[in-house]
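What follows is one structure encoded as structure tokens, with my remarks underneath.
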Amino acid sequence: MCQAVRNRPSFVPMIKILRETHSTPESLQQILINTLGRNIFGEPNFRLIWGGSRLSWIGGKFEDRDDTGALLRERIEMRYEPKYPLQLERWIIEGWLAPESYGSPWAWSMATRCNDDNYRLEQLGPYPSRGDYELSWVCQKPDGSFLQPTASIVRRFCEMIRLTRSYSSRDRLQGKKDAAAQQGEDYKKWAMDVLTPDAAWITPRGNVTTPHVYPYQNVSKTITGRTL
Amino acid sequence: MPAQNGANVIALELEKVRDKVPLLYERDDILLTMIQAKTDVEKVSSRLMRLPLQMSPGGKAGGYNVDGGDLGRGSGTDYEPATVTPLFFRFGVEITKLVEYATNSKDKAVENAAKREVANGMAQFRVFLDDILNTAGNCVIGTISSVSGTVLTMAVPYGAALVYDNQTIQVYNAALTTYRGSAVVQSSDPGPNQTITVDAVPAGTIGTDVIIYDAVSGGSGANPIGLFGIPYHQNNATTGTWLNLNRATFAPKLSTPSVNAASSSLTPQMVRLALNLQKKALGIKTQGKPKFIAHMNLEQSNAWENLGILISSIIKEGAGGRANDLDLLFTGNMTMSGVPIKENIHADQTRIDFLDLSHWGRAVMKDIGFFEVDGNTMFQIYGASGGLAAAWIFYFDTGFQVWNDSPRSGSYVYSLARPSGY
């Protein structure tokens, strides 16, 4: 057997998967329509969509780089790219915003047009005259892992949206301020527990321990049970 | 043998809690502790720490005449060193003998007084450090818009948000060249009024003057240097210096992509534009990293909620009887176009900063801990007569600086209007 044949890899990949796409289950979409209604164009006010299937226009000068970060080329063009790169493999519920949420067509053009010496592009594509959908909620577990949406989850989401709409903007802002103040008090209580030698301390994962025996280098994982 | 007094007991107790001070600090619920200390730079000395940045690729590409032609010269990758020097911060806590006596319980009375002050002191120190992380490296924590008696009305951004009661502040002119004097904050109102009441306004203080934190106690030099916060690293300027590199020389590599809201309210396209600018600068895939966050004050997250498509982060449960696992899915963090939101009451009220925390770090010369001299962490206060005063003092201190090795990895929206009524 010649050297070339011996050195040839046994498997040469012919297909490279760039992005996974899925179709929305009709039954779940119907729950959103029945509960939260349709917009003036007859489209759903809220829709369930796979993150990898959601694309949007991005325009301007792109710098294409290889895996090491080295610059390969610069291109000036419009690209249809995933809108939510952090949620490519998650089901997402998007909410419809009316065209006026984006201002007037003139304001859109002024805000999004890139007037470089070498090119002029509307970096977000054409004005959304029929409105557009923006991310409302990501279907995932509290630890960020994948969660398959079910009818119960979608119904609960609808209830939460209705509940949210019953609060005024001022109520929500006051709630945030109260939560920030409570966070400070919670920290002080936690700090007092740390400084108390015999305190029984229950971590978010349900372990009972004495706080001060943990090396502080591991404190972020131990205390919060999460990493960024 | 002299009788044991409270002084001995307090010193012992603080020795006991010494190893817990870093524990109290390194809890990642404030932005500064989310910016991880890099272990390979914790032994930074007083010399400048270098961050090598790859500024431009090397190599010369092109065609050539193979029939004896000249292939021309080549080139190599250009690296430039950004430099940082740690700054030191302290937090002093005084305890009087009255506090000690007043907390006398069945046992460990002295420990309770010291323990409570350690906990309260660390909480306030974290607030202070989080405040200055939102400054532009010049120590400025607010801009005065008008003076009336001992009341300073502050301009937004910041307003009175970065100031707390009993804090010592210093007043400079707008150019940070003329020192007016120092004052102690009696009360602050970061609400609609945005006012600060001080014990005495330094002579010559006018509107447009700025206030800084007590950068160097007793110091009054021009152009004080402070912690390199978010506005320092996330800056669209193409002039000036950044980590001792000339922005003009390497423009636009050292400039952060930005969107000017021009004093208008937040709209979805501003957010999309800011995120897309970052995608174009460094590639679509760079945003798919788990440490990407949107940092903003409550006003802007409220403005985003007001679009009406988000579940409020503050949900008051209505109907009961729901499964706990379902509720867990709907409590917790909001996102802004998919990017997790980090709300911060100390953030610039007119900005939204998209930060890739994987490019941020802290160069630490001294980990947070007690200031000690020959093993002593508690120090006696002396009275005006030269005799002892009935009080003790201890300090937390730390030496570090914040750096970002890729200003273009983030983006921000600035000059946003605040929702009405706030």
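Within every chain, numbering begins at 1; the chains are lettered A, B, ... in the order of the sequence lines, protein sequences first and strands thereafter. From a predicted model like this one, the values you see are computed outputs, not experimental measurements.
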Can you tell me which portion of [X] sits under 4.5 Å from chain B's heavy atoms? Options are side chain, backbone, both or neither.
X	value
A:Ile92	neither
A:Gln140	backbone
A:Ser168	neither
A:Ile153	both
A:Gln87	side chain
A:Asp178	neither

| query | Where does B:Ser264 contact chain A at under 4.5 Å (heavy atoms): side chain, backbone, both or neither? | reply | neither

| task | With a 4.5 angstrom heavy-atom cut-off, could you sort out which part of B:Ile345 is near chain A: side chain, backbone, both or neither? | result | side chain

| said: Using side-chain heavy atoms (C-beta onward) and a distance below 4.5 Å, is A:Ile161 in contact with A:Leu36? | reply: yes

Checking side-chain polar atoms at under 3.5 Å, does [X] have a donor or acceptor matched by the opposite partner on [Y]?
X	Y	answer
A:Asn39	A:Arg130	no
B:Asn344	B:Asn297	no
B:Ser301	B:Glu343	yes
B:Asn302	A:Ser169	yes

| task | Among A:Phe157, A:Tyr102, A:Trp108, A:Tyr84, single out the residue with the greatest number of heavy-atom pairs under 4.5 Å to chain B. | result | A:Tyr102

| request: Kindly state whether the ring of A:Phe46 and the ring of A:Trp96 have centres lying under 6.0 angstrom apart. | output: no

| field | A:Glu89 atom CD, neighbour heavy-atom count above 12 within 6.0 Å | value | no

| field | Max heavy-atom pair count under 4.5 Å with chain A, selected residue of B:Met122, B:Arg126, B:Gln269 | value | B:Gln269

